[in-house]
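First up is the structure itself, then whatever we jot down about it.
Read the numbers this way: they start at 1 and go in the same order the structure lists the ligands and their atoms.
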Amino acid sequence: MITTVTLNASIDKAYHMTQKIENGTVMRVAETHNSAGGKGLNVARVVKLCGSDTKAAGFVGGYNGQYLESLLDADGISYEFEHINGETRSCINILDPGYGSTEYLEGGCEVTAEEETSFLERFPGIIRNSDVVTISGSAPRGMGRDIYQKMIRIVKKLGRKVILDTSGEYLKRGLESLPTMVKPNKDEIEMLFDIKVRSQEDVIGYAQKIYEKGIPYVVISLGGEGALLVCKKGIYQGKPPRIEVVNTVGCGDSMVGAFAVALERNMEPEDALKFAVAVASANALSSNTGTFDPAKRDEISQNVKIIKL
Ligand SMILES: Nc1ncnc2c1ncn2[C@@H]1O[C@H](COP(=O)(O)OP(=O)(O)OP(=O)(O)O)[C@@H](O)[C@H]1O
Ligand SMILES: [Mg+2]
């Protein structure tokens, strides 16, 4: 079982437009697709597609919160959310032939100190039957920047594995609790160390710095270039084949989902990297976020190059 944590969940609304957008006029939406959103929920969908059991956790509230749970029911994903007083946010992605994708992201409601405490008290029970926990994205307003630090400590005390995928202060603080794996992308590494990454040697150097803190698996994702893994067994580069990209949103979440499955199944690091690169790249071929065609993943997997550096 894999628990995926999403503290700032949303109802994601994809508006498919057929005409060109004209600002300041009335636009009719050709088709609407609503989904349970937030990075951790993308991870949950990918875990399920990979054939592992998953449970979604975090905060939901109000009518949107109820709706989000019903969308997860329809997806066949189990959940154990903390119900809060605020209303779960909505995020709108307008997809049109002219601009491509334009996103409007609500900030989300506040979580009170009492709600945070209640969640942290229930957290050990929520992850009781999970081998791996994933923590993704940022936290809602009102919560401490050390929330992930606290959660990682709880997961580790129970002897479970934990993957952290976040940025900025959340990443910096979270690293102090030594998660099992982190998956920053290039921007997140640059922000973390306050530097510019200019070469593969730079990427390796910073990944090693994180590994040396005591984090067993450090994955740096590099978009179309694939990903780099630093672990006890060595340094590996995973390169996907060139593909006709449709939508790269959620590629990082797909990679986290695949690595969670790989950790649950105790795969060898090089096999885990190949699997995760194939799943994440297959997600780029799908217009929906956090999904992939298993046949395409298998095809890509045959052409993923794993190089030991
Ligand atoms: N253009 C692409 N072509 C092929 N594979 C891709 C492409 N973009 C992303 N991927 C795959 O997805 C993985 C993760 O992508 P990326 O580094 O963009 O994550 P990210 O920046 O964390 O994404 P997000 O947070 O938006 O989900 C890559 O390692 C690669 O396997
Ligand atoms: Mg990411």
List, for ligand 1, each N/O atom that has a protein N/O partner under 3.5 Å away, with both atom names and the distance.
| unit_1 | atom_1 | unit_2 | atom_2 | d |
| --- | --- | --- | --- | --- |
| ligand 1 | 5 (N) | Ser281 | OG | 2.9 |
| ligand 1 | 17 (O) | Ser221 | OG | 2.8 |
| ligand 1 | 17 (O) | Gly223 | N | 2.9 |
| ligand 1 | 19 (O) | Ser221 | OG | 3.4 |
| ligand 1 | 21 (O) | Asn185 | ND2 | 2.8 |
| ligand 1 | 22 (O) | Lys183 | NZ | 3.1 |
| ligand 1 | 23 (O) | Gly252 | N | 3.3 |
| ligand 1 | 25 (O) | Lys39 | NZ | 3.0 |
| ligand 1 | 27 (O) | Gly250 | N | 3.4 |
| ligand 1 | 27 (O) | Cys251 | N | 3.4 |
| ligand 1 | 27 (O) | Gly252 | N | 2.8 |
| ligand 1 | 27 (O) | Asp253 | N | 3.4 |
| ligand 1 | 29 (O) | Gly226 | O | 2.8 |
| ligand 1 | 31 (O) | Ser281 | OG | 3.2 |

Sequence neighbours excluded, the answer for salt bridge (Lys or Arg N to Asp or Glu O under 4.0 Å) partners of Lys13 is none

Hey, does Leu49 have a side-chain heavy atom less than 4.5 Å from the side chain of Val46?
no

Arg122 bridged to Glu82 by N-O distance under 4.0 Å:
yes

I need the full list of salt bridge (charged side-chain N to carboxylate O under 4.0 Å, His left out) pairs touching residues 202-214, with sequence neighbours left out, sorted by first then second residue.
none

Residues at least two apart in sequence or cross-chain that pass salt bridge (Lys or Arg N to Asp or Glu O under 4.0 Å) with Arg45, listed by chain then number, are Asp75

Using a 6.0 Å cut-off, check whether atom CZ of Phe59 has over 12 heavy atoms from anything other than its own residue.
yes

